[in-house]
Number of protein chains: 2
Amino acid sequence: MPRIKHSNFDCSPGCPVEGALSLIDGKWKGVILYHLLEGTLRFNEIRRKLPNVTQRMLTLQLRELEADGLVLRKVFAQVPPRVEYSLTERGRSLAPVIAALKAWGDANLPRSAEAA
Amino acid sequence: MPRIKHSNFDCSPGCPVEGALSLIDGKWKGVILYHLLEGTLRFNEIRRKLPNVTQRMLTLQLRELEADGLVLRKVFAQVPPRVEYSLTERGRSLAPVIAALKAWGDANLPRSAEAA
DNA sequence: CAGAATCCACCGGGATACTG
DNA sequence: CAGTATCCCGGTGGATTCTG
């Protein structure tokens, strides 16, 4: 696994929190993981789910997730390129975290007031 | 001061994940919350727990947490200033999230191999 | 379709110094 | 003790263009 640079662990007690966080932060990773939890998706399928992400960012974030061993990238050698993204076991193991995040968000974020 | 800028919700379905994430990201917030979960702490007590944080950053992160309603800042009008930080109810409600994060980190982050 | 390349703005965050 | 105030650098992420 290619040593990723956000292994910037300062490791105070409680560091695993930061460590885990560093894998899912980065503006889109959380949502990407969230969507991938529901099944394999192609590049543009993910794009469609994230209306505001740019191709560049999507690619970058997916690559980081891949480098972190959370996402599997499967390329099909076809004329119209086809690339499928799915979660690895490690990625799937994040499910409880994402679920906790979503649960908290649903319960504590003003969904209605947020439409400002 | 109020003005929280990370209300940058793009709100694709699954947004609550991002929303929750936006509150606890920012390099030190996760760890701060983690420590605060164990009880009220003074400014320098937190600093001691986070050897690598600068006063500036600690102040900033605490202010953001406060603005997000997760942390309560209590100032004592005394000659040697005394400021205590504690979690609000809302902040405490994040416990499951932090716990999930920590559990995952403990289980999946190579604590030993990481010293590479 | 699924990117790669380039350019650039922004601001997160570190270092340092000063203060009530 | 618990902050401010400045300065400054690098990374993150946006917009746009090109391609196999």
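What you see is a predicted model; the values in this text were computed from it and never measured. The sequence lines fix the lettering, A, B, ..., with proteins before strands; numbering per chain opens at 1.
- Rounded to an integer number of Å, the gap from A:Arg63 CZ to D:dG13 P is 16 Å.
- Between the C1' atom of D:dT12 and the CD atom of A:Glu64 lies a distance of 9 Å, rounded to the nearest Å.
- Atom CG of B:Leu50 and atom C1' of C:dG14 are 15 Å apart (whole Å).
- A close approach under 4.0 Å does occur between a side-chain nitrogen or oxygen of A:Tyr85 and OP1 or OP2 of C:dG3.
- The B:Arg42 side chain lies nearest to D:dC1 when the options are D:dC1, D:dT4, C:dG14.
- Heavy atoms of A:Gln61 sit under 4.0 angstrom from primed sugar atoms or phosphate atoms, though from no base atom.
- For the pair B:Gln78 CD and D:dG3 P, the computed distance is 13 Å after rounding to whole Å.
- Side-chain proximity of A:Pro81 to C:dA2, D:dT16, D:dA2: nearest is C:dA2.
- One distance of note links NZ of B:Lys49 with OH of B:Tyr34; it measures 9.0 Å at 0.5 Å rounding.
- Looking at A:Lys29 and A:Asp25, no side-chain N of the basic residue comes within less than 4.0 Å of a carboxylate O on the acidic one, giving no salt bridge.
- If you find the closest nucleotide of DNA chain C to B:Val53 and to A:Asn44, the one lying nearer the 5' end belongs to A:Asn44.
- Between the CG atom of A:Leu58 and the C1' atom of C:dA2 there is a distance of 10 Å, rounded to whole Å.
- The side-chain heavy atoms of B:His35 and B:Leu50, taken from C-beta on, include a pair separated by under 4.5 Å.
- You'll find the side chain of B:Thr59 reaches within 4.5 Å of the side chain of B:Phe43, heavy atoms only.
- Taking only side-chain atoms of B:Lys27, from C-beta outward, the nucleotide of C:dA2, D:dA15, C:dG14 with the closest atom is C:dG14.
- Between C:dG3 and A:Arg73, a contact under 4.0 Å exists linking OP1 or OP2 to a side-chain N or O.
- In this entry the distance linking CG of A:Leu60 with C1' of C:dT6 reads 13 Å, nearest Å.
- Side-chain nitrogen and oxygen atoms of B:Arg47 include none within less than 4.0 Å of the OP1 or OP2 phosphate oxygen of D:dG3.
- Rounded to whole Å, the distance from CZ on B:Phe76 to C1' on D:dG3 is 16 Å.
- Nearest-nucleotide assignment on DNA chain D puts the 5′-proximal partner with B:Val83, out of A:Asp25 and B:Val83.
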Donor-acceptor list for residues 91-99 of chain B side chains, cut-off 3.5 Å, not counting sequence neighbours:
unit_1	atom_1	unit_2	atom_2	d
B:Arg92	NH2	B:Leu87	O	3.0
B:Ser93	OG	A:Trp104	NE1	2.7
B:Ser93	OG	B:Arg90	O	2.4

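- Counting distance only, with no hydrogens placed and no angle test, the side-chain atoms of B:Arg56 and the base atoms of C:dG13 include a donor-acceptor pair under 3.5 Å.
- The interatomic distance linking B:Met57 (CE) with C:dC11 (C1') rounds to 11 Å, in whole Å.
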